[in-house]
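Reviewing the structure listed below.
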Amino acid sequence: MTQDTASGLDFLNIGPSAQILALGEGTVAIPTGPSSIYSNPSLLSFEERSGLQVNYSLWIANINNQFAAFHINRDRFTFGFGVYSTQADDFEARDQPGLSTGTFSISYFSLSGAAAYQLGPISVGITGQFLREEIFQLRAKGYAFNFGTSARFYDGRVTAGFSLNNIGTMENLNESASTLPRLLKAGVSFQLIEFTTPGNNDLPVLLSTFTEFARPLENNYSGDFTAEDSDEDFYTIGISADIADLFQFYSAYRIGPTERPYSLGMGLLIDRIKVNYAFIPFSTGYGSAHSLGIEYYFN
């Protein structure tokens, strides 16, 4: 397997929800419901309602990513809990060159808890993760933390965010430990323009844009974001459109060493239920990934 095929703990660099994937993972300054646990936990404070989120992503090479999480608002405090896992099956096992001795699976698992606290326009948050990886008969456990802060200005029209993700360690898997994909991210999102469509429908439309800077903190890390032995920075820019608080459309472009520079998606919000879909084509001929998520708001 190569990049973007859940090699190592790179699954932590793959957005767990369809909305995050549609926005090119440039969501350090964009609240995305409970999935903010894995991007910037401080953004949980800016959610207007408590919610439950489930998501399924069909990645390339028949890899499946599953995610479920919820968050609860309590005055200035917000708490969240999530489960994120990925698995790839039917790898051939060989003791020596020749015929295989059977097949095995590769799986990775994250169990997380997060807390955020808001004071005025500023919020801070932290996520703690229990991690587990399994390759053939080898198993290892570990932990990681995500730290984040964010702030809103101009009546919520501008949001700035900063996060430090996947800070922790793993046990040895056979002879060495897997490297966590540590990442520093900073970005800003702002409402660009709001207008009403002409005609009898009279639909309000809100256009927003965002930009994000990300820096891998491992110069020997090989994964989706960076080429092997590279610590090159990358940037994400994108735009979203909200139509009548009913339809949302997303598009993002990432500049840097990535095999999936483009992403598209849409959301449909009906009362307390929101459905999100993301389409992520790969530039290297591996195919495309699809992600579908459902979010339910408690109040």
Side-chain angles (χ1 to χ4, degrees), residues 14-40 43-59 64-73 78 80-84 156-157 159 187 189-210 212 236-254 260 262-281 287-299:
I14 298 173
S17 73
Q19 185 178 4
I20 289 180
L21 289 169
L23 293 167
E25 277 121 340
T27 55
V28 73
I30 302 175
T32 59
S35 56
S36 291
I37 290 173
Y38 286 91
S39 55
N40 182 351
L43 294 171
L44 293 172
S45 293
F46 297 140
E47 296 292 341
E48 297 180 357
R49 299 183 287 181
S50 302
L52 169 68
Q53 193 174 58
V54 294
N55 202 93
Y56 175 81
S57 298
L58 178 59
W59 213 242
N64 303 305
N65 298 336
Q66 300 89 28
F67 171 72
F70 69 92
H71 75 280
I72 299 174
N73 294 344
T78 304
F81 300 90
V83 177
Y84 185 26
R157 292 191 295 271
T159 303
S189 64
F190 55 92
Q191 297 177 5
L192 192 63
I193 187 173
E194 187 172 9
F195 61 92
T196 301
T197 59
N200 296 328
N201 292 327
D202 212 26
L203 294 175
V205 178
L206 174 63
L207 297 179
S208 302
T209 187
F210 68 92
E212 180 181 283
T236 306
I237 56 175
I239 191 169
S240 64
D242 186 312
I243 303 175
D245 289 326
L246 180 62
F247 297 102
Q248 290 86 37
F249 297 93
Y250 316 108
S251 179
Y253 177 71
R254 297 194 295 177
R260 45 188 176 99
Y262 303 99
S263 57
L264 300 169
M266 66 174 296
L268 173 64
L269 177 62
I270 302 176
D271 194 16
R272 295 189 177 188
I273 297 177
K274 183 180 181 182
V275 179
N276 282 306
Y277 168 76
F279 171 71
I280 309 99
S288 301
H290 304 268
S291 184
L292 180 66
I294 299 176
E295 187 169 357
Y296 176 78
Y297 300 102
F298 297 136
N299 47 41

* To do: Apply the side-chain contact (heavy atoms from CB on, under 4.5 Å) test between Phe210 and each candidate in Leu23, Thr27, Val28; give the one that qualifies.
  => Leu23
* Taking the side chain as every heavy atom from C-beta outward, state whether Leu21 and Trp59 have any atom pair closer than 4.5 Å. => yes
* Check whether any side-chain heavy atom of Val275 lies under 4.5 Å from a side-chain heavy atom of Leu292, and answer yes or no. => yes
* Asked: Stepwise, does the salt bridge (Lys or Arg N to Asp or Glu O under 4.0 Å) test hold for Arg260 with Glu25?
  -> CA-CA 11 Å; Arg260 45 188 176 99; Glu25 277 121 340; 3.0 Å; yes
Donor-acceptor pair, distance only, cut-off 3.5 Å: does the side chain of [X] make one with the backbone of [Y]?
X	Y	result
Ser189	Ala29	yes
Ser57	Ser291	no
Arg49	Phe298	no
Glu47	Gly33	yes
Thr209	Gly238	yes

* When rounded to the nearest 0.5 angstrom, what is the spacing between CG in Leu192 and OG in Ser240? -> 9.5 Å
* To do: Would you mind telling me which of Tyr253, Tyr250, Phe279 makes a ring pair (Phe, Tyr, Trp, His ring centres under 6.0 Å) with Tyr262?
  => Tyr253
* To do: Check Pro34 against Glu295 and note the closest heavy-atom contact, atom names and distance.
  => CD-OE2, 3.4 Å
* Asked: Using a distance-only test with no angle check, is there a side-chain donor-acceptor pair under 3.5 angstrom linking Asp242 and Ser208?
  -> no
